[in-house]
Amino acid sequence: AEQAQAAGVFWRRAAADLAELERRVSLMGELDEALRAGGIEVYYQPKLAIAEGRVASAEALVRWRHPERGFVGPDLFIPLAEQTDRIGPLTLYVLERVMEDLAQLRALGHQLTAAVNISAKLVASAEFNQAAGALLARGVVPPSVLIFEVTESATLEDPDAATEMLRAYRELGVTISMDDYGTGQSTLTYLRELPLSELKIDRSFVQHAHRNRNDGVMVRSTVQLAHELGLKVVAEGVEDEDCLDFLRQLGCDMAQGYLISRPLPAPALIEFMDRNSGEAGGGMLPTSLGG
Ligand code: C2E
Ligand code: MG
Ligand code: MG
Ligand code: MG
C-alpha cells in the first residue's frame, strides 16, 4: 500500500511538472508573438534628484499585456525569457523603445536620462553586445543619456567578460549602475572591480530605513561608502515622506518609489514631466520633495 501511495505521489508530481512545463512553453511562444506583434510595453518610473527636487531620470520597466492572461509582470516572464534565450531580443526591444521615447521627451524639452535593466546572461554575451552597440551607434539619442542597471549576480557568471563589456559601454558614455545593492554576493568585490558610476540600494533596506535602526545603519553606511568611492546613490522603494526625509538627511542623491510615482507609460510620463517642470514645480510632487 505504501508503495502504491508513493507511486501515486510520483505520478501526480510528474503530471504537475509536465503541466508547468507546458504552461511555460506556451507562455514563451506567446512572448515571441508579443515581441512581433506589440504586446510588450515599456513603463517608466521617475527618479527624484533629492537635493534639486526634480526628476532627471527614469527607470524603464517592461510590461506584458497578454491577450488572455491580462497583465504579466516581469518577475514572472523575465526569468523564463532568460532561461530560454529570449532575453536578448526582449532587451534590444526595450532599449530601442527607450531610445525613441527619450528622443521624444528631449524634443519636448525634458532632458531626462533613462535606465535599462540588463540581465546576467547578456552582460557577457558577444551577440547581445554587438547588437546593442549597433543600436547605440544609430544615434537616436547619445549613449550618455542611458544607464545600464546590472545586478551583482549579472557579473558572477563571467566576471572578466562582464567587466570588459561594461568598460566598453562606459567608454561610449553609458552610465553603469549596480541594481538591488545589498542582496547579492561578493558585493564589495564588485564595487572594487566594476566600472560603476551609480549604486541602487535595494528596496528591502530602504523601505523601513527611517524606522528600523539596523536598516537605517545599513543605508547610511552604504551612502557613505558609495560617496567615498565616487558613486551616486539611488534609494529604491521609497514609499513615504519620512523615508524621503531620512534619505535627504543622509545626502542620498536620488529616490525612486511609489511616493514619487508608480511606473508610467510614456505618454503619462510626459504629462508627469510637464506638470512638474513648471516654475513652482506643479502640483503633483508632494510638497516636501522640493527639498
Ligand atoms: P528592479 O530593476 O529592481 O525594479 C524595481 C522594481 O520595484 C519594479 O518592479 C518597480 O515597479 C518596483 N517598485 C518601485 N518602487 C516601488 C515601491 O515604492 N514599492 C514597491 N513595493 N515596489 C516598487 P517591476 O516593474 O515589477 O520589475 C521587477 C524586476 O523585473 C525589476 O526589478 C527588474 O529586475 C526586472 N525587470 C523589469 N524590466 C526589465 C527589463 O526590461 N529587462 C530585465 N532584464 N529585467 C527587467
Ligand atoms: Mg532596475
Ligand atoms: Mg532594483
Ligand atoms: Mg529587482
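Every value quoted in this text rests on a predicted model; they were computed, and no experiment measured them. Remember, it's 1-based here, ligands and their atoms both numbered in the order they're listed.
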Of all the atoms in ligand 1, which lie at a distance below 4.0 Å from a heavy atom belonging to [X]?
| X | value |
| --- | --- |
| Gln207 | 19 (N), 21 (N) |
| Glu236 | 3 (O) |
| Asp180 | 3 (O) |
| Glu59 | 1 (P), 2 (O), 4 (O) |

[options]: member with heavy atom nearest to [atom]:
| atom | options | value |
| --- | --- | --- |
| atom 15 (N) of ligand 1 | Glu239, Gln45, Gln256 | Gln45 |
| atom 37 (C) of ligand 1 | Pro74, Pro79, Ser204 | Pro74 |
| atom 46 (C) of ligand 1 | Asp75, Ile260, Thr91, Asn117 | Asn117 |

N/O/S from Asp202 sitting under 2.8 Å away from the Mg ion (ligand 3):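 Asp202 does not place any N, O or S atom closer than 2.8 Å to the Mg ion (ligand 3).
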When you measure from the Mg ion (ligand 3) to the N, O or S atoms of Asp179, does any of those distances fall below 2.8 Å?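 Asp179 does place an N, O or S atom closer than 2.8 Å to the Mg ion (ligand 3).
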Quick check against the 3.5 Å criterion: does Ser125 have a side-chain atom that pairs as donor or acceptor with the backbone of Lys121?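 Not a single qualifying donor-acceptor pair exists.
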One thing to verify: whether Glu164 and Arg167 come together as a salt bridge, which I'm taking to mean a side-chain N less than 4.0 angstrom from a carboxylate O.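 So Arg167 does not pair with Glu164 through a salt bridge.
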With a 4.0 Å cut-off, would you call Glu59 and Lys200 a salt bridge?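 Salt bridge: yes.
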Among the N, O or S atoms of Glu236, the one nearest the Mg ion (ligand 3):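 In Glu236, the heteroatom (N, O or S) nearest the Mg ion (ligand 3) is OE2.
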What N/O/S atom of Asp180 gets nearest to the Mg ion (ligand 3)?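 Answer by atom name: OD1.
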Ser177 N/O/S atom closer than 2.8 Å to the Mg ion (ligand 2):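 So Ser177 does not bind the Mg ion (ligand 2) by this criterion.
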Could I get the full list of salt bridge (Lys or Arg N to Asp or Glu O under 4.0 Å) partners for Arg24, not counting sequence neighbours?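 With sequence neighbours excluded, Arg24 shows a salt bridge (Lys or Arg N to Asp or Glu O under 4.0 Å) to Glu20, given in chain and number order.
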How would you list, by chain and number, every residue that makes a ring pair (Phe, Tyr, Trp, His ring centres under 6.0 Å) with His227, sequence neighbours excluded?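 Here no residue qualifies.
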Between ligand 1 and Gly73, can you find any atom pair, the residue atom being a heavy atom, that is separated by under 4.0 Å?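 No, that is not the case, since the closest heavy atom of the residue is not under 4.0 Å from the ligand.
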Hey, which N, O or S atom on Glu149 ends up closest to the Mg ion (ligand 2)?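 This residue's closest N, O or S atom turns out to be OE1.
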Nearest N/O/S atom of Glu59 with respect to the Mg ion (ligand 2), by atom name, please.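 Of all N, O or S atoms in Glu59, the Mg ion (ligand 2) lies closest to OE2.
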